[in-house]
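What follows is a short report on a single structure.
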Amino acid sequence: MLQFEYVKFNTLEETCQFLAQHVESAKILAGGTDLLVQIREKNRKVQELQYVVDINGLSGLKGIKEESGIVTIGALTTHAEVVGSPIIAQAAPLLAKACSLVGGPQTRNLGTIGGNICNASLSADSVTALVTLDAVLTIVGTNGNRQLPIAEVFVKSEKNTLQPGEILTAVSFAALKPGTPNAFTKLGRRKALAIARMNVGVILELEENKVTSAKIGVGASFPTTRRVNSAEAVLIGQEPTAVVIAAAASEVSRAMIEITGVRWSTEYKEPVLQVLVRRTIEQALGVE
Amino acid sequence: MGKPVVWYVEEGGVAMPLMGKKEFKYLNKPLHRVDAYDKVTGRARYAADLEFAGMLYGGTLYSPYASARVTHIDVAKAKEIEGVKLVMTFQDLPKMASWGSYRFLTDVIRFQADAVAMVAATTHEAVEAALEAIEVEYEELPAVFTIEEAMAEGAPTVREEWPGNIHGPASFKVRKGDVETVFPSCDLVVEREYRTHYVEHAYMETEAAVAVPDYGTTEMTVYTGCANPFFTRHWVADALGVARSKVRIVQTITGGSFGGKEELLGQVASRAAIMAQKTHCPVKLVTTREESIIGSTKRHPMRLRYKVGVNKDGKMQALQCEIVENLGAYSMHQFMNFRASVHAAGVYNIPNVYVDVLGVFTNNVTSGAMRGYSSPQIIFAQEQLMEEVAEELGIDPVEFKKLNMLRQGDMTPTRQSLDAEVILEEVVDTLLVESDFFKKREEYKNQTGVKKKGIGLSIFYRGCGLGAESADASGCIVSTHDDGTVMINSGLIEHGQGLKTCFTQIVAETLSIPPEKINFIGVDTNTISDGGITAASRSTAIGSISMKKAAEELKSHLINTVSKLMFHCPPEMIDLVDGFFIMKGVPDAMIPFDVVCTAHYWTGHQSTVYCWNRPDDLGYSLEEGGGGKAFPSYTYSAVVAEVEVDTETGAVDVLRVYAGHDVGTVINPATAKGQIYGGVAMGQGFALMEELGIKNGIIKNKNLDSYIIPTSLDVPEVYPYLFECDDPAGTYGAKSLGEPATEGVGSAIINAIHNATGDRVRELPANLERVLLHKHLVPGGGK
């Protein structure tokens, strides 16, 4: 059983200071849906745990707002709050969908967006949607604030680039214009409480029936959750016909294998990732 | 031959022997579960909830290997930790073997959950710290994990008593006719192999026990929720080295068992008792989910090889079958293979049958009883096999099954004549009509889309109770009090299946008093006789016979009191109806039940009746060429499943399941349907997603985040159909349901997948990879 102290500070500054002084020994408690499991499993990530730093109660880390077309979600906002948010329903339906598919009701009520990002699981559903949205993270540290594109916070599975003493405080993205085709899909081994085998987010912009902008985010397939620019390029400038969509989808799988090589799961993932990408694009476009 | 089937015509005109034509006052009624309120309000106290003054907490240290020998163990540091009262290793328990040859503590590790040390301390924290402080060095030993490895020439021996790794007592044969001579003359011979996997019970309550030393007439009392308190008593008495009469087991409210709360539970109770004996303090030992998954038994993985000979007319002539199961490192369930051998040929009339069932030891987790007790695996194979044979023959599989199915008067593979009613055909026909089977099946054959629907049928039967496996005997007690309430008890236990409710209804029916007057108290081994294991779907059907007899006898005592003290008429003129004693034919002669109970008690008459029931011997012979009556009766069942297969991802969505069971008499339709709903979910998990990830004997998915069972979003719409018939074997004609509810679901789903895709899944589970690629993908690339 891991023995640790529970600590809680009044300000973000004090919290960052403490975290900076206790780099490996202090872990942040947000929703706790990952941390408590890691503590129970004595996961290597918490091997040196001495302090659990509860950031619940710090002001300004919770809530969803939209200003001048930029949506900002506080790091402590729960998945359930994202799912129920009228702002997200308008500005990023794919994110609401992704958050609705996280775990079960208990996970969604406790688990936070910030936690989902920082835990850096390849299967994190909200992360794939946020990567597709080109979200930007606001990170506060002992040396002030910085902004970081979300895709750059991931190093590999369960490893992020946050520096000692840094806390993710918010994630922002440009609100989608009404009517922007977007979708999120997930494949799990069951319909609820499922860890994604793969998940896909898609946002498209079209003019005169031609794709002018395409974003395809993919989780649980690449070394980190990321957009697949080469597949997006297949769509851009084209009419999204079945052939073009299939070509883009196929490019996602090709790009995956190029980076990951052939692994034990590739035989399954190669064909099925294409299917998911194709379906997500079709869903975004409202094609049956 | 019994009375003809009672046909019940539902609206729409389909005639069916469905529930509803038997005349009962309290049976056939959806009485609320008598234990429901305590459970849903949280008042129910499970073993882990109990606290005693001075109680210590226990913990167990397991090996990180599946096959190893301890070369060095040092507990000095563990003993120094504050709060630690006891640290024990195998050195402190020399040669102490349990029932089933498990060791409570051992230096020879035969599977992952063989324990090397245990600890008792004043806090959970001290227990964990002490377990971590024990220093152990191991030498890994050669091991076998698969059936093939275990049976290979020169394979390492898992258990010294069984060189060659074949467990002698687990070998069972069935011989009928002469397959050797018949196969060559058959128009078609089909051979197939099927395989199944390890499945976890996943009961909500993990194993828990509190052992309290007594120092009186009893040495030790253990509070625990187990599958069989009397077996647990056996375990604990052996562990303590005391007489069984000195050990008392109190059955606490039990959060599920499904056959599983026996071996690990017995060890947990025993370890708690050993530590309580040494420390003279109560000791609570509760398994974590991870310990429960690595240590508890699993459904036996099986390799099933079949050979079927059939003629062009569609009649099966011969069936040969070899079933080999992976026992893991220990085995207390050799008798499962009796059941397996009897049911291996399915519910079919085949003149020549040759069945061999055997089990092999490996260094994997131990296989044990799990809902179905071999039938889910066998039916998965057998009911696909029948369709594969029919397809090769060019006959409609449903027609083929109906042509060959057992009917009243037929001989089973063990040469048991089915004298009681066999309404299998009615069950099957009803489900075919209700599910619109043929129309859907034809539609589903020509689908062009990506998502393809399919519909599948499985038909099966299950021998009720223990049958010739062992004596299906048990005892019950029925007592009236002077206030007119009734206390009942049985040696069989409630573990969530609804036994207390059903037994209460049986007594209510027999005495003709309202169920609210009856209180089922539950097992304390000091106050009720050993009624054997609560398993084999035996309790409601067979185990309650003694309850009915006891209630009948008590009723006759009360009638005698009324006869002597009140009505002054012969007892034959008196009856007990709706809570009143009446004089037959005299309208106003009524005395309330409680008034009679008061008088009965104060005049010193017998208010308690204990009754034992031992069914007549069936006369089954296990000798070569033996056989005979294997079970007193059979439950006949059919399941139709409808699925939608995503042919691009391999995902299978189970849309609807129609489940029909001839249960003889429905004691409680609500609990019966509850069994079916839960059984369908369990069958779905077995077929599609549940699978223990075990590599070199080490289980990878040790918790329910990675051991995947169906959620409420996954389970299908379930349409239960409860059939009744006249069968003399069970109480009020009741037959088994708990296990039939799950055992044919998997095969119906797999047959539905075939209808959708044209592909056969011959190895379970039918997960994403198997359905899409027809192969199993695992990290590392192989088994």
Side-chain angles (χ1 to χ4, degrees), chain A residues 1-4 33-34 36-43 47 100-107 121 123 185-200 220 242 246 249-250 253 261-280 282 287-288, chain B residues 57 59 81 121 123-132 288-290 449-451 646-654 681 684-685 688-691 701-716 765-782:
Chain A
M1 186 179 288
L2 294 171
Q3 304 277 343
F4 53 84
T33 53
D34 287 310
L36 267 67
V37 175
Q38 288 160 4
I39 290 174
R40 176 181 172 77
E41 289 176 345
K42 297 175 189 155
N43 188 296
Q47 253 172 4
S100 78
L101 295 173
V102 170
Q106 296 94 329
T107 333
S121 160
S123 305
T185 60
K186 166 180 181 173
L187 178 73
R189 292 193 184 274
R190 59 182 172 188
K191 290 186 190 167
L193 288 166
I195 308 289
R197 291 288 288 130
M198 287 170 270
N199 56 28
V200 179
S250 158
S253 281
V262 174
R263 306 175 67 238
W264 68 271
S265 57
T266 306
E267 192 174 353
Y268 179 79
K269 284 196 167 179
E270 182 185 8
V272 177
L273 180 57
Q274 292 185 45
V275 168
L276 293 182
V277 171
R278 191 195 75 216
R279 286 182 185 178
T280 316
E282 288 172 350
V287 181
E288 254 309 297
Chain B
Y57 300 94
I81 290 167
T123 63
H124 288 297
E125 291 77 8
V127 169
E128 287 224 13
L131 291 174
E132 282 171 15
T288 61
R289 179 62 66 185
E290 292 85 350
V450 163
K451 294 195 176 177
D646 185 332
T647 58
E648 289 184 332
T649 65
V652 177
D653 193 4
V654 184
Q684 176 187 11
L688 298 180
M689 61 181 84
E690 294 187 41
E691 183 172 35
N701 46 355
K702 293 187 291 188
N703 210 325
L704 298 173
D705 58 340
S706 47
Y707 183 85
I708 303 292
I709 63 175
T711 68
S712 55
L713 288 187
D714 296 291
V715 292
N767 57 21
L768 298 172
E769 293 83 1
R770 280 218 181 82
V771 172
L772 188 73
L773 307 170
H774 316 120
K775 66 200 283 190
H776 193 42
L777 295 182
V778 288

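To find a chain, count down the sequence lines: A is the first, B the second, and so on, and within it residues start at 1.
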What part of [X] gets within 4.5 angstrom of chain A, counting heavy atoms only: side chain, backbone, both, or neither?
X       : result
V127(B) : neither
K702(B) : neither
L772(B) : side chain
L777(B) : both

Derivation and outcome, side-chain contact (heavy atoms from CB on, under 4.5 Å), residues E648(B) and Q274(A): CA-CA 10 Å; E648(B) 289 184 332; Q274(A) 292 185 45; over 6 Å; no
Heavy-atom proximity to chain B below 4.5 Å, by part of E267(A): both
Region of K269(A) in contact with chain B, defined by heavy-atom distances below 4.5 Å: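 Neither the backbone nor the side chain of K269(A) comes within 4.5 Å of chain B.
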Taking every non-hydrogen atom, the tightest pair across E290(B) and R40(A): OE1-NH2, 2.5 Å
Please identify, among [options], the residue contributing the most non-hydrogen atom pairs under 4.5 Å to chain A.
options                            : result
V652(B), N703(B), D653(B), L704(B) : D653(B)
T711(B), D714(B), L713(B)          : D714(B)
D705(B), L773(B), L688(B)          : L773(B)
L131(B), V450(B), D646(B)          : D646(B)

R197(A) vs E769(B), salt bridge (Lys or Arg N to Asp or Glu O under 4.0 Å): CA-CA, chis, key distance, verdict: CA-CA 11 Å; R197(A) 291 288 288 130; E769(B) 293 83 1; 3.2 Å; yes
Whether R190(A) side chain and I709(B) backbone form a donor-acceptor pair below 3.5 Å: yes
Exam field: side chain Y268(A) to backbone T649(B), donor-acceptor pair closer than 3.5 Å: yes
Within 6.0 Å of CG in L2(A), more than 12 heavy atoms from elsewhere: yes
Within-4.5 Å side-chain heavy-atom neighbours: Q3(A) and E128(B): no
Pair L768(B)-L187(A), side-chain contact (heavy atoms from CB on, under 4.5 Å): steps then yes or no: CA-CA 10 Å; L768(B) 298 172; L187(A) 178 73; 4.1 Å; yes
Separation between OG of S712(B) and NZ of K191(A), rounded to the nearest 0.5 Å: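 Spacing of OG (S712(B)) from NZ (K191(A)) equals 10.5 Å.
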